[in-house]
Amino acid sequence: MLDKSAPSASVRASGPLSGFRIVEFAGIGPGPFACMMLADMGAEVVTLDRVGAKKSMKSVAGRGRKVIELDLKDKAAIAQVLDLLASADALVEGFRPGVMERLGLGPDVVLARNPRLVFGRMTGWGQEGPLANAAGHDINYISITGALAAIGTKEAPVPPLNLVGDFGGGALYLVVGVLAALLEASKSGKGQVVDAAMCDGAASLMSFFFDMTTLGRWTEGRNQNFLDGGAHFYGVYECACGHFVSIGSIEPQFYALLREHAGLTDADFDAQMNPKAWPALKEKLKAVFKSKTREDWCKIMEGTDICFAPVLTMSEATQHPHMIARNVFVERHGVKQPAPAPRFSRTPSAVREPEGAEIGAVMAAWKR
């Protein structure tokens, strides 16, 4: 059993989800991230992990949970899990389709014990379809949505970390789905299954670009459109020091400020919205930004309506004055990490410590 890193009574749960009880089946990637958000918002999240897992108490995505180690191949342990779920509001799992059913913990069994339970399922391909049981990762899930083909250089697509599939299209859609189902269950008294698939969520994130294509304002491909690096006024530029800055001067008034502060008096820059002029204008703008350091450009442009920002590393981001002023990052166990988001005025979220727990003690507390 994991050692407690803090007494269970030392931190009182806060946040808009205080009082909600969620059981998480340990996994990697989007499931834990979603449960981190739910825990930050005050939900009591209990993570069921394998015996001997010894999760790091410094984990960012693992913060805020009670951790119980169980052997889910043991029928006695399954019976205990069912008892625990009988008092839970939601369940989150990220196994391949059919795994929970084979464990004896599928929706039919669990909802029979607790009809109000929200059963959150996180997968890459979804619960059905030709690829449902195939292995995959973020890069694969966003490949079939049109997202990856639209991101990168003219020569080849570039994976946008695993932000679009795992976390944007996966975890965040799972959180929205679980919260919506909890809200509905509070009215109907009935739970339901939330099928959150990364390919579904990533496709949903592309809605704006499907709109733009329909309107004839988007061309399939990369570096050809105003948001994909094609336009000179929306992109990243290297400075004399080797660091980079970003500009997003789309609107005419912002573009005018860019021209003013960067000294772009060349009449060629009048053709802001002419895609045929973009390649040449981008080359000219490259030379302009290369003439000064990132620090110089920050002094000239930061805080204006140019839509400008320095491109910072993670360590640099924690030191930026705006991020410091808003307390965007917090430190826990010597580890700098993002603070809970979004923010609530009356029921603020908070980072809570994880702790080891016994399933019997948790069940006893939940039955009160």
Side-chain angles (χ1 to χ4, degrees), residues 15 17 22 24-41 43 45 47 55-56 58-65 90-96 118 120-127 131 135-152 157-182 194-209 227-228 246 311-315 317-318 323 326 328-330 332 335-343 349 351-352 354:
L17 296 182
I22 298 172
E24 172 194 14
F25 287 78
I28 58 174
F33 183 81
C35 288
M36 178 202 76
M37 291 189 66
L38 296 170
D40 285 347
M41 287 187 275
V45 182
T47 302
K55 290 292 186 181
S56 170
K58 295 184 179 183
S59 168
V60 177
R63 68 193 186 194
R65 272 79 121 200
L91 172 160
V92 171
E93 59 96 358
F95 300 127
R96 290 199 204 190
V118 172
R121 315 197 81 166
M122 181 79 262
T123 60
W125 304 114
Q127 294 299 313
L131 298 175
H137 275 299
D138 175 294
I139 192 170
N140 310 122
Y141 309 137
I142 69 174
S143 290
I144 66 168
T145 67
L148 184 57
I151 301 170
V158 175
L161 301 181
N162 57 334
L163 296 174
V164 177
D166 280 352
F167 302 116
L172 296 185
Y173 278 80
L174 176 62
V175 170
V176 170
V178 167
L179 294 181
L182 285 171
V194 177
D195 176 4
M198 293 175 228
C199 62
D200 294 359
S204 177
L205 290 173
M206 291 294 289
S207 298
F208 173 79
F209 303 99
L227 292 176
D228 66 356
S246 66
V311 177
L312 305 178
T313 63
M314 288 189 291
S315 58
T318 65
M323 310 302 261
R326 287 186 56 78
V328 174
F329 295 97
V330 297
R332 180 176 147 266
V335 177
K336 281 279 188 180
Q337 56 196 271
R343 303 179 187 207
S349 297
V351 174
R352 292 180 291 133

Using the rule given for side-chain contact (heavy atoms from CB on, under 4.5 Å), can you reason through Y141 versus N162, listing the C-alpha separation, both sets of side-chain angles and the distance that settles it, and then say yes or no? CA-CA 10 Å; Y141 309 137; N162 57 334; over 6 Å; no
Before you tell me yes or no, could you show the steps for L91 and F25 under side-chain contact (heavy atoms from CB on, under 4.5 Å), namely the whole-Å CA-CA distance, both residues' side-chain angles and the distance that decides it to 0.1 Å? CA-CA 8 Å; L91 172 160; F25 287 78; 3.7 Å; yes
Between V60 and R332, does the side-chain contact (heavy atoms from CB on, under 4.5 Å) criterion hold? Intermediate values first, please. CA-CA 9 Å; V60 177; R332 180 176 147 266; 5.5 Å; no
Passes side-chain contact (heavy atoms from CB on, under 4.5 Å), S349 versus R343? Steps please. CA-CA 7 Å; S349 297; R343 303 179 187 207; over 6 Å; no
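Ion pairing between R63 and D40 holds under the 4.0 Å rule for side-chain N and carboxylate O.
In this structure, the side chains of L174 and V92 come closer than 4.5 Å at one or more pairs of heavy atoms. Using a 4.5 Å cut-off on side-chain heavy atoms (C-beta onward), P159 and I142 make no contact. In this structure, E93 and M122 have side chains that are not in contact, with every pair of non-hydrogen atoms separated by 4.5 Å or more. Side-chain atoms of V45 and M36, non-hydrogen and from C-beta on, never get closer than 4.5 Å to each other. R121 places none of its side-chain heavy atoms less than 4.5 Å from the side chain of V194. M323 is listed as a side-chain neighbour of F329, based on a closest heavy-atom distance under 4.5 Å. Between T123 and F95, the closest side-chain pair of non-hydrogen atoms is not below 4.5 Å. Between P340 and M41, the closest side-chain pair of non-hydrogen atoms is not below 4.5 Å.
Contact detail for P30 and A171: the closest heavy-atom pair is O-CB, 3.3 Å. Nearest heavy atom pair, residue A149 against residue P157, reads CA-CG, 4.4 Å. Contact between A26 and T47 at its shortest, heavy atoms only, is CB-CG2, 3.9 Å. Closest heavy-atom contact between W125 and I144: CZ3-CD1, 3.4 Å. The shortest heavy-atom contact between T145 and C199 is CG2-O, 3.4 Å.
In this structure, D166 contributes its side chain and G29 its backbone to no donor-acceptor pair below 3.5 Å. Within the 3.5 Å criterion, the main-chain N or O of I139 finds a donor-acceptor partner in the side chain of S143.
Other residues, nucleotides and ligands contribute at most 12 non-hydrogen atoms within 6.0 Å of the NZ atom of K58.
Rounding to the nearest 0.5 Å gives a distance of 10.5 Å between CE of M198 and CG of N140. Atom CD of residue E24 and atom CG of residue L38 lie 9.0 Å apart, to the nearest 0.5 angstrom. Atom-to-atom distance recorded for I22:CD1 and C35:SG is 6.5 Å, nearest 0.5 angstrom. Between the CG atom in L179 and the CG atom in L17 there is a gap of 6.0 Å [rounded to 0.5 Å]. The structure places CG of D195 at 6.5 Å from CG of D200, a figure rounded to the nearest 0.5 Å. The CG atom of D138 sits 9.0 Å away from the CG atom of L161 when rounded to the nearest 0.5 Å.
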